[in-house]
There are 2 protein chains.
Amino acid sequence: MKLYDCTGAVNPRRIRIFLAEKGIDIDCAQVDVFKGEQYSEGFTKLNPLKAVPCLELDDGAVISEAVAIARYFEATQPEPSLLGKTPKDQALVAMWQRRVEEGLVGAATTFFHHATDGLGEADRYRNKEWGEANKPRVEETMRWLDQELEGRDFVAGDTFSFADITALCGVDFAGLFGISIPADCTHLAAWHARVSERPTAKA
Amino acid sequence: MKLYDCTGAVNPRRIRIFLAEKGIDIDCAQVDVFKGEQYSEGFTKLNPLKAVPCLELDDGAVISEAVAIARYFEATQPEPSLLGKTPKDQALVAMWQRRVEEGLVGAATTFFHHATDGLGEADRYRNKEWGEANKPRVEETMRWLDQELEGRDFVAGDTFSFADITALCGVDFAGLFGISIPADCTHLAAWHARVSERPTAKA
């Protein structure tokens, strides 16, 4: 089994933290998306969407998409649970994971790819106005999350989950472009400090 | 338990088919997004993202996002499995579900909301160029899926899954705007005929 990873990219970090929380250690290969290595013929064959993370199983099957890779490891090693145990918790984690994935990681990534030079691909379609429109969306999501975190410790409830991992990576990625946690979002800032202190946040 | 549904909208249909496949019958309330009912104070309180489908559990918890609602029912009633049984199948369904959700449902919805009058909301941010850019993306996804379906019966493998439901709803929704299956995509057309013939496709 091999994980195609890229240090410095937002989605691979989600899986590195996920695996570190579960204590899973696997072979990794670096695909440097900042140098365009995802466009190589070999990698495009593995993942036609040319994105990391990507997991190659021992039987040759390839799993791309962070949510799918997380699902695989949750099923092979359920403890500690990061996707929820009861049906309700599984649904709440899936819901919040999706909300912060779209509102933080997705919106920040859209800003990065459309309103900045992104990964430097000269031939990539860019719509600067669309990119700029996603910047306030990140801030709105942060404000919404701040209100939600007034009543609980973690994004999807009282337990650390994949939703926290996605939100942490989203907040940190947005911060690279100056989209910081608003000063009055004290609950979000406290949560961010709490999850950043976990040793796995360095993964 | 109550499902907030909307006949004619793409994402609620995904859950109606999912429930029909499992033989689950629950109370439904219609939220007519074509009349703007998702903006009512009552519904906004249930789902701040103002979108259907949305599931209210008996304890008052609210689950929005189609993937999260599907996850809830897969956990409460595992048979027939629509999200995969083995770790590998779970991952493949999650991966393909996401791919067709983004490339078909998401791209067609972006075209609808940005390049057309969408739901008729006068104050909605629109970026016509971004909407138009998503139209060829739907067609590209159809062509990719056509190649993949040369080797297997269903989107995620040999078994009907939530990935097929999402793809079916995406293809049908795109068809409403004249984005049809390209004539030379015979494998995709055969798959579409096959899944459309299931009685649950009418749900």
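Below, read A as the first sequence line, B as the second, and so on, with proteins coming before strands; counting in each chain starts at 1. This structure is a prediction, so every number in the text was calculated from the model and none was measured.
By the 4.0 Å N-to-carboxylate-O rule, B:Arg98 lies close enough to A:Glu101 to be salt-bridged with it.
For the set A:Ala70, A:Pro87, A:Ala61, the count of heavy-atom pairs under 4.5 angstrom toward chain B peaks at A:Pro87. In terms of heavy-atom pairs under 4.5 Å with chain B, the best-connected choice from A:Val93, A:Leu57, A:Val67, A:Leu49 is A:Leu49.
The part of A:Trp144 that comes within reach of chain B is its side chain, from C-beta onward, which places non-hydrogen atoms under 4.5 angstrom from that chain. For chain B, the nearby part of A:Asp59 is the side chain; its heavy atoms alone come within less than 4.5 Å.
Atoms OG1 and NZ, from B:Thr76 and A:Lys88 in turn, are 13.5 Å apart once rounded to the nearest 0.5 Å.
A:Ala75 and B:Gln90 get closest at one heavy-atom pair: CB-NE2, 4.0 Å. For B:Leu92 against A:Val62, the heavy-atom pair with the smallest separation is CD2-O, 4.2 Å. Scanning all heavy atoms of the two residues, the minimum distance from B:Ser64 to A:Met95 falls at N-SD, 3.1 Å.
A:Asp32 CG: more than 12 foreign heavy atoms inside a 6.0 Å radius. Annotation: A:Asp158, atom CG; neighbour count of heavy atoms from other residues, nucleotides and ligands within 6.0 Å does not exceed 12.
Residues B:Arg99 and A:Pro48 meet the side-chain proximity criterion, which asks for heavy atoms closer than 4.5 Å.
Ring geometry, B:Trp130 versus A:Tyr125: the interplanar angle falls under 30°, so the pair is classed parallel (tilted spans 30 to 60°).
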